[in-house]
Amino acid sequence: MEYLSIFGFVSVLYLIIRVDARAYEVNGIDQSKVGFDDNYVVTWGQNNVLKLNQGKEVQLSLDHSSGSGFESKNHYESGFFQIRIKVPPKDTSGVVTAFYLTSKGNTHDEVDFEFLGNKEGKLTVQTNVFTNGKGNREQKLALWFDPSKDFHTYAILWNPYQIVLYVDNIPVRVFKNTTSQGMNYPSKPMQVVVSLWNGENWATDGGKSKINWSLAPFKANFQGFNNSGCFTNAEKNACGSSAYWWNTGSYSKLSDSEQKAYTNVRQKYMNYDYCSDKVRFHVPPSECKWNN
């Protein structure tokens, strides 16, 4: 499949360069010095987890017997969390690769990246935000590259002002803190979770396209295990302090170049937004007017 026109590619490349100066502060940490075991632990599917390059890379597998996953050792209350992902190639209908923040319990908070497998070249990235156990805030976009060909960086900024989801330094979703307007905002301690699992009951074509198990095992690879976050055991309210770079005023909103890149992505690559779904929501959810 042709992922984008030459013009589209040049447009995105230009916007990446524009936001790269600001992103350098975010991505200036030497990821090569941070190993998997420094910040993460395998939580399930141990037989389907392979550590490579002295722990600098991890491969998760999904087969008939099990998927697999890992999570951060720490809980966080704010921060910037990123990982490099290469998703499984070819026909991955029904296969879900996930990178997200989540708390525990029935009233959990959560911020999701989910890569919904499909026929080759048709993978969709779905994002979602849960507050107090309520989600249903899905947005979907087609990426401007093939995420199975190479590693790309996916990141979540979470601070007292906003949540921003990034793909290769390009903001693809913004969820603002509008608690002053009566809206909910993720505030519970959350862990970073990564998984590869069987989502064939819903992930592709509403569950109509099932996993082709003759192509198993499906393998996703991950690199870059550093997190910049405030641990839950910090002093009360400390995780909202501007002493942490991700809480400073410059991260209270998108920069001008980020806003242009964000608008470009929404216009060219977003193919579903719950705020525009009049079948599900006759009246758009209240937070939509703040986040579009």
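Reckoned from all heavy atoms, side chains included, excluding hydrogens, waters and symmetry mates. Residue numbers start at 1 and run along the sequence shown.
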| How long is the gap from CG on L254 to OH on Y262, to the nearest 0.5 Å? | 7.5 Å
| task | Examine F99 together with Y154 and report whether their ring centres are nearer than 6.0 Å. | result | no
| field | Side-chain donor/acceptor of S72 to backbone N/O of Q191, under 3.5 Å | value | no
| Shared hydrophobic cluster, V87 / W213 (ILVMFWY, side-chain heavy atoms < 4.5 Å) | yes
| task | Over 60° means perpendicular and under 30° means parallel, so classify the ring planes of F225 and F36, tilted if in between. | result | perpendicular
| said: Is the distance between the ring centroids of Y76 and F231 under 6.0 Å? | reply: yes
| Minimum side-chain heavy-atom gap I156-I163 below 4.5 Å | yes
| query | Who are the side chain to side chain contact (heavy atoms under 4.5 Å, CB included) partners of K119, not counting sequence neighbours? | reply | D91, S93, K122
| query | Between K253 and S250, is there a donor-acceptor pair closer than 3.5 Å when you use the side chain of the first and the backbone of the second? | reply | no
| task | Could you tell me whether the side chain of Q223 reaches within less than 4.5 Å of the side chain of V58, counting heavy atoms only? | result | no
| task | Working to the nearest 0.5 Å, report the span between NZ of K188 and OG1 of T107. | result | 4.5 Å
| task | Could you list the residues that satisfy salt bridge (Lys or Arg N to Asp or Glu O under 4.0 Å) with D112, not counting sequence neighbours? | result | none
| message | Contact between Q181 and K289 at the side-chain level, heavy atoms closer than 4.5 Å - yes or no? | response | no
| task | State whether the side chain of Y185 and the backbone N or O of Q162 hold a donor-acceptor pair below 3.5 Å, judged by distance alone. | result | yes
| Do S65 and D63 have a side chain donor and acceptor closer than 3.5 Å? | yes
| disulfide (SG to SG under 2.5 Å): pairs with one or both residues in residues 81-173, sequence neighbours excluded | none
| query | Which heavy atom in P89 sits nearest to a heavy atom in T92, and how many Å separate them? | reply | O-CG2, 3.2 Å
| Which residue, N39, V41, V192, L60, forms the side-chain contact (heavy atoms from CB on, under 4.5 Å) with F70? | L60
| message | Please verify the inter-ring angle class for W158 with F81; under 30° counts as parallel, over 60° as perpendicular, anything in between as tilted. | response | tilted
| task | For atom CD of Q54, decide whether the heavy atoms of other residues, nucleotides or ligands shown that lie under 6.0 angstrom number more than 12. | result | no
| said: Any non-hydrogen side-chain atom of I170 less than 4.5 Å from a side-chain atom of W144? | reply: yes
| note | Distance col, row L196:CG vs S66:OG, nearest 0.5 angstrom, shows 9.5 Å
| said: Is there a continuous path of hydrophobic side-chain contacts, each under 4.5 Å between heavy atoms, that joins L215 to L62? | reply: yes
| remark: CD of E110 to CG of N132, rounded to nearest 0.5 Å, is 13.0 Å
| query | V193, V129: one ILVMFWY side-chain cluster at the under-4.5 Å cut-off? | reply | no
| query | Considering residues, nucleotides and ligands other than K90, do more than 12 of their heavy atoms fall under 6.0 Å from its NZ? | reply | no
| Flag side-chain contact, heavy atom, 4.5 Å: F130 against D109 | no
| task | Check for a donor-acceptor pair, side chain of T232 on one end and backbone N or O of P189 on the other, with a separation under 3.5 Å. | result | no
| query | Going only through I, L, V, M, F, W and Y residues with side-chain contacts under 4.5 Å, is there a path from Y100 to V125? | reply | no
| Does the side chain of N136 come within less than 4.5 Å of R280's, by heavy atoms? | yes
| message | Once rounded to the nearest 0.5 Å, what's the spacing between atom OG1 of T127 and atom CZ of R137? | response | 11.5 Å
| task | Check side chain to side chain contact (heavy atoms under 4.5 Å, CB included) between P285 and all other residues, then give those that pass, not counting sequence neighbours. | result | Y274, F281, E287, C288
| message | As an exercise, state the distance from CH2 of W245 to CG of N247, rounded to the nearest 0.5 Å. | response | 9.5 Å
| note | Nearest heavy-atom contact between C239 and S78 is O-OG, 2.6 Å
| query | In the hydrophobic clustering (ILVMFWY, side-chain contacts below 4.5 Å, transitive), which residues join L52, or is it alone? | reply | L50
| query | Can you find a side-chain donor-acceptor pair between Y166 and E258 that sits under 3.5 Å? | reply | yes
| said: Please say yes or no: joined through hydrophobic side-chain contacts below 4.5 Å, possibly via intermediate residues, are F115 and F145 part of one cluster? | reply: yes
| field | Remaining members of hydrophobic cluster (4.5 Å side-chain criterion), L116 | value | W44, V96, W197, W202
| Considering only heavy atoms from C-beta outward, does the side chain of I85 approach that of F113 to under 4.5 Å? | no
| task | Look at atom NZ of K134 and say whether more than 12 heavy atoms of other residues, nucleotides or ligands are closer to it than 6.0 Å. | result | yes
| request: Check whether the side chains of E114 and N128 place a donor and an acceptor atom closer than 3.5 Å, and report yes or no. | output: no
| query | Which heavy atom in S68 sits nearest to a heavy atom in G45, and how many Å separate them? | reply | CB-O, 3.6 Å
